[in-house]
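Okay, so here's the structure we're looking at.
No hydrogens, no waters, no symmetry mates; every other heavy atom, side chains included, goes into these values. Remember, it's a predicted structure, so these values are computed and weren't measured experimentally.
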Amino acid sequence: MLRNPLIAATTLCLALIAYATVAKLTGRPVLVGHAEAYWIVVVERFSAYGLLGFLLSFLLPGRFGLACGLVVSVAIGLEVLQALTPDRDPALLDVLEKAAGGTVGVLLAQTILAFLPRPPS
């Protein structure tokens, strides 16, 4: 069955996002290098949450609101937890970027699910 690997992939994606969000700046994974441009950071956030939203949407087919709510809640919750890390600072713009990426991921997955054949009941 496909559900168990999907749960594992979603959990791994969420764990990596949580680590990258709450870790100290020196321990944070980077795509290009520590002197990366701001737009690269925006693309990283958007795509990471887009993947999370995509995976959550496949776990919750037909539940657009629930999947979007979970992604936005994770974005807000992890950004609030960032305030507890001394060298990190939470920002509303970061939450908006992450929520937008997650919502786009959910929309993309729901569009794909709409065109897939339904399994027989």
Side-chain angles (χ1 to χ4, degrees):
M1 184 159 203
L2 182 66
R3 192 149 177 90
N4 287 340
L6 198 54
I7 291 171
T10 306
T11 304
L12 180 64
C13 182
L14 180 59
L16 290 173
I17 288 173
Y19 172 75
T21 303
V22 182
K24 294 185 180 199
L25 281 177
T26 55
R28 183 183 172 276
V30 291
L31 188 62
V32 177
H34 288 288
E36 58 193 6
Y38 181 72
W39 68 271
I40 293 175
V41 175
V42 171
V43 169
E44 284 177 351
R45 289 179 189 140
F46 190 89
S47 59
Y49 277 83
L51 178 61
L52 180 63
F54 188 84
L55 292 170
L56 271 174
S57 197
F58 271 96
L59 276 176
L60 306 166
R63 294 189 174 100
F64 175 78
L66 181 60
C68 281
L70 284 172
V71 171
V72 171
S73 297
V74 167
I76 292 169
L78 288 176
E79 203 66 27
V80 168
L81 283 176
Q82 221 178 35
L84 302 175
T85 307
D87 62 344
R88 303 296 297 266
D89 55 332
L92 180 62
L93 186 59
D94 294 351
V95 172
L96 295 176
E97 293 165 0
K98 294 169 181 179
T103 304
V104 167
V106 170
L107 282 171
L108 180 62
Q110 292 293 333
T111 304
I112 291 170
L113 284 169
F115 289 104
L116 288 177
R118 306 264 184 224
S121 299

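- The shortest non-hydrogen separation linking Leu59 to Thr10 is CD1-OG1, 3.4 Å.
- There is no path of hydrophobic side-chain contacts, each under 4.5 Å, that joins Val22 to Tyr19.
- Closest heavy-atom contact between Leu55 and Cys13: CD1-CB, 4.1 Å.
- Looking only at distances, no side-chain donor or acceptor of Thr21 sits under 3.5 Å from a matching main-chain atom of Leu78.
- Annotation: side chain of Tyr49 is in contact with side chain of Val74 (closest heavy-atom distance under 4.5 Å).
- Pairs of residues two or more places apart, or lying in two chains, never qualify as ring-ring contact (aromatic ring centres under 6.0 Å, His included) while including a residue from residues 85-119.
- Here the CD atom belonging to Gln82 is positioned 9.5 Å from the CG atom belonging to Asp87, to the nearest 0.5 angstrom.
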task = Apply the test side-chain contact (heavy atoms from CB on, under 4.5 Å) to residues Leu12 and Leu14: give CA-CA distance (whole Å), side-chain angles for both, the deciding distance (0.1 Å), then the verdict.
result = CA-CA 5 Å; Leu12 180 64; Leu14 180 59; over 6 Å; no
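- Using a 4.5 Å cut-off between side-chain heavy atoms of Ile, Leu, Val, Met, Phe, Trp and Tyr, with links allowed through other members, Val41 and Trp39 fall into different hydrophobic clusters.
- Atom-to-atom distance recorded for Thr85:OG1 and Leu81:CG is 8.0 Å, nearest 0.5 angstrom.
- Between the side chain of Arg88 and the backbone N or O of Ala83, no donor-acceptor pair lies under 3.5 Å.
- Phe64 and Leu52 fall within the same hydrophobic cluster, defined by Ile, Leu, Val, Met, Phe, Trp and Tyr side-chain heavy atoms under 4.5 Å apart, directly or through other members.
- Across all non-hydrogen atoms, the minimal contact from Leu56 to Ala67 is CD1-O, 4.4 Å.
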Would you list the atom pairs, donor with acceptor, under 3.5 Å between side chains in residues 95-108 and any protein atom, with sequence neighbours excluded?
from   : atom 1 : to    : atom 2 : distance (Å)
Glu97  : OE1    : Arg45 : NH1    : 2.7
Glu97  : OE2    : Tyr38 : OH     : 3.1
Lys98  : NZ     : Glu79 : OE1    : 2.6
Thr103 : OG1    : Ala99 : O      : 2.8

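- Residues Gln110 and Ser57 have side chains that bring a donor and an acceptor to within less than 3.5 angstrom of each other.
- Transitive grouping of hydrophobic side chains (ILVMFWY, heavy atoms separated by less than 4.5 Å) keeps Leu66 and Val72 in distinct clusters.
- When the side chains of ILVMFWY residues are joined at heavy-atom separations under 4.5 Å, either directly or via intervening members, Leu70 and Ile76 end up in two distinct hydrophobic clusters.
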